Protein chains: 2
Amino acid sequence: MLVPVNQLVYNPRMGDPVPVQGPARRGRRTEILEAAAVLFAQRGFHGVAIDDIGRAIGVSGPALYRHFRGKEAVLAQMLLDISERLRSEGERRVAAAEGPEQALAALIDGHIAFALGRPALITVHDRELGNVPEPERRQIRRLQRRYVEQWVAVLSRLRPEAGEARLRAAVHAALGLLNSTPHSAGGLPGEEMRAMLAAMARAALLAG
Amino acid sequence: MLVPVNQLVYNPRMGDPVPVQGPARRGRRTEILEAAAVLFAQRGFHGVAIDDIGRAIGVSGPALYRHFRGKEAVLAQMLLDISERLRSEGERRVAAAEGPEQALAALIDGHIAFALGRPALITVHDRELGNVPEPERRQIRRLQRRYVEQWVAVLSRLRPEAGEARLRAAVHAALGLLNSTPHSAGGLPGEEMRAMLAAMARAALLAG
DNA sequence: TCGCCTTGTTAGCGAGCGTTAACGAACGGG
DNA sequence: CCCGTTCGTTAACGCTCGCTAACAAGGCGA
């Protein structure tokens, strides 16, 4: 099997170069972010060493510093990506929907797709904000707040009698329900799980 | 103010002994477990040092080894306590209820009381199992499973048409909803929060 | 072809961690 | 009154970690 040279890992101590297994050579930054997400989700930010991340993608530890300013920068970039993606996807979906019922369903479906498709990212997203250094922490919080406010806005059109504080708390609880799926994964086939979570989230939001 | 001598912290480097502030002299083991729970919830198991735990209760780091075999033993004891308490309380409540509707409401209320009353414990309980060493890990898992099965049993009497796998997944999701309250805490007065969470969990479980 | 840029490598530093060792003050029973 | 037990202390060991330094190989434009 022939492999382009830039897919080889250089390591004179390990004998001949070896092809990088993995997702077909996107940028190394992305590769690092994905490997780190899985590790952070499994063991927590402080439980993962720089060398672990490197080993997961077939390079040595300090190679990471060619792409990030440090370990905290990896986490910060990761959470920024997730928050921004949730927010923009949410905006897109709400704009494309006609009426608040459809908008709510679209928000729920989008969040479920993300939670089931990238469980590690969702896990890190709601556990590790406290380890992000201060400048980026604020930005991530802002994005998260904007995302929640989309949900609240949609929901307050469906339940105009409820106060905003209550709706916000209800949205947080519903997101907690959806975000818990990575931990309790398995058991159910994907499509059934998706439908069940959607029904549960919808019922909870309308009952809260 | 007079203080019993055994409430004084001995530390020759810090000048005169100083009264222990804190919950009125229960056992040191309990004191350590409670302080550690708060710290673990805030920063994660690996983000907390032995010295942090000691400092939180007014003693130095290695004092902990008079009461626990090590840092992991603190975590293990903590999760064992929580799991056992959830399980036994659940059993008690289910036994005291008449009919599955009341039993479900009792389980929900009990879990909410625990989540709102001891947010740090709940947080640690569903995040840090992975850091518990192997002998105790299994025991904790067994207790958790028994607790979930109580929920499943009650729910399957209310919805006999649904398969057990589906009910189990629904229960996990509902517990995720309830366990998320520590993160989104505040905003709502306690009683309103309690009632809202109960309504949401009930609706979600009956809709899933 | 030369030389720079990119992206790896290994070696090592300094800090922090969990843990153990050795010791000391207060208390309680003989 | 002493002496063992309990529960603290400080010091230090060994290990791991994040990060930097110094160097190397391949690609590519002038």
Side-chain angles (χ1 to χ4, degrees), chain A residues 3-20 22 25-33 35-36 39-40 43-77 131-133, chain B residues 3-20 22 25-33 35-36 39-40 43-77 131-133:
Chain A
V3 166
V5 177
N6 69 354
Q7 290 192 20
L8 300 182
V9 170
Y10 165 70
N11 190 342
R13 283 283 177 88
M14 295 178 183
D16 286 334
V18 150
V20 170
R25 197 58 191 171
R26 282 149 308 164
R28 263 286 149 83
R29 260 183 87 92
T30 310
E31 220 173 337
I32 290 172
L33 285 168
L39 293 171
F40 289 166
R43 293 184 248 157
F45 179 73
H46 293 291
V48 177
I50 282 295
D51 286 8
D52 297 332
I53 302 174
R55 193 178 309 116
I57 62 170
V59 300
S60 268
L64 184 142
Y65 289 87
R66 297 291 168 202
H67 308 277
F68 292 93
R69 287 214 357 258
K71 195 182 158 194
E72 286 186 333
V74 175
L75 180 66
Q77 183 63 61
N131 293 119
V132 176
Chain B
V3 165
V5 177
N6 69 354
Q7 289 192 22
L8 300 182
V9 170
Y10 165 70
N11 189 342
R13 282 283 178 87
M14 295 179 183
D16 287 333
V18 150
V20 169
R25 197 61 190 168
R26 278 150 312 164
R28 263 285 151 83
R29 259 183 88 91
T30 310
E31 219 174 338
I32 290 173
L33 285 168
L39 293 171
F40 290 166
R43 294 182 249 159
F45 180 72
H46 293 291
V48 176
I50 281 296
D51 286 7
D52 297 332
I53 301 174
R55 193 178 310 117
I57 61 169
V59 300
S60 268
L64 184 142
Y65 289 86
R66 298 289 167 203
H67 307 276
F68 292 94
R69 286 215 355 262
K71 194 182 159 194
E72 287 185 332
V74 175
L75 180 65
Q77 184 64 60
N131 292 119
V132 176

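Each chain gets a letter, A, B and so on, in the order the sequences are listed, and its residues count up from 1. Just the heavy atoms: all of them, side chains too, but no hydrogens, waters or symmetry mates, feed the values below. Keep in mind that what you see is a predicted model, and the values were worked out from it rather than measured.
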Have a look at A/Val74 and say if it touches a base, only the backbone sugar-phosphate, or nothing, with a 4.0 Å heavy-atom cut-off. nothing

For the pair made of NE2 in A/His46 and P in C/dC17, what is the distance, rounded to whole Å? 10 Å

Picking from D/dC19, C/dG18, C/dG8, which would you name as closest to the side chain of A/Val59? C/dG8

Step by step, would you call A/Phe68 with A/Arg29 a side-chain contact (heavy atoms from CB on, under 4.5 Å)? CA-CA 8 Å; A/Phe68 292 93; A/Arg29 260 183 87 92; 3.6 Å; yes

Under-4.0 Å side-chain N/O to phosphate OP1/OP2 contact, A/His67 with C/dG8: yes

Tell me what A/Gly61 touches on the nucleic acid: a base, only sugar-phosphate, or nothing, going by heavy atoms under 4.0 Å. nothing

Calculate the interatomic distance between B/Asp52 atom CG and C/dT19 atom C1'; express it in whole Å. 16 Å

Between A/His46 and B/Phe45, is the side-chain contact (heavy atoms from CB on, under 4.5 Å) condition met? List the steps. CA-CA 8 Å; A/His46 293 291; B/Phe45 180 72; over 6 Å; no

Would one find a side-chain N or O of A/Arg28 under 4.0 angstrom from OP1 or OP2 of C/dG8? yes

B/Arg55 CZ to D/dG8 C1', in whole Å, measures 17 Å

Figure out the CD1/C1' separation between B/Ile53 and C/dG18, and round it to whole Å. 11 Å

For B/Ala63, report the nucleic acid contact type (base, sugar-phosphate, nothing); a contact means any heavy atom under 4.0 Å. base

Within this structure, what is the CG-to-P distance between B/Asp51 and D/dA11, rounded to whole angstrom? 13 Å

Where the side chain of A/Ala49 is concerned, which of D/dT10, C/dG18, D/dC17 is the nearest nucleotide? D/dC17

In whole angstrom, what separates B/Ile50's CD1 from D/dT9's P? 13 Å

What is the distance from CG of B/Leu64 to C1' of C/dA21, rounded to the nearest Å? 17 Å

Mind checking whether B/Asp52 and B/Arg55 have side chains closer than 4.5 Å, heavy atoms only? yes

Please state whether the phosphate of D/dG8, meaning OP1 or OP2, lies under 4.0 angstrom from any side-chain nitrogen or oxygen of B/Ser60. no

Let me know the distance between NZ of B/Lys71 and C1' of C/dG16, rounded to the nearest Å. 11 Å

Check: A/Arg66 and A/Arg28 side chains under 4.5 Å, non-hydrogen atoms: no

Counting distance only, does the side-chain N/O of B/Arg43 pair as donor-acceptor with the main-chain N or O of B/Val48 below 3.5 Å? no

Most 5' of A/Arg66 and A/Val48 on DNA chain D, judged by nearest nucleotide: A/Val48

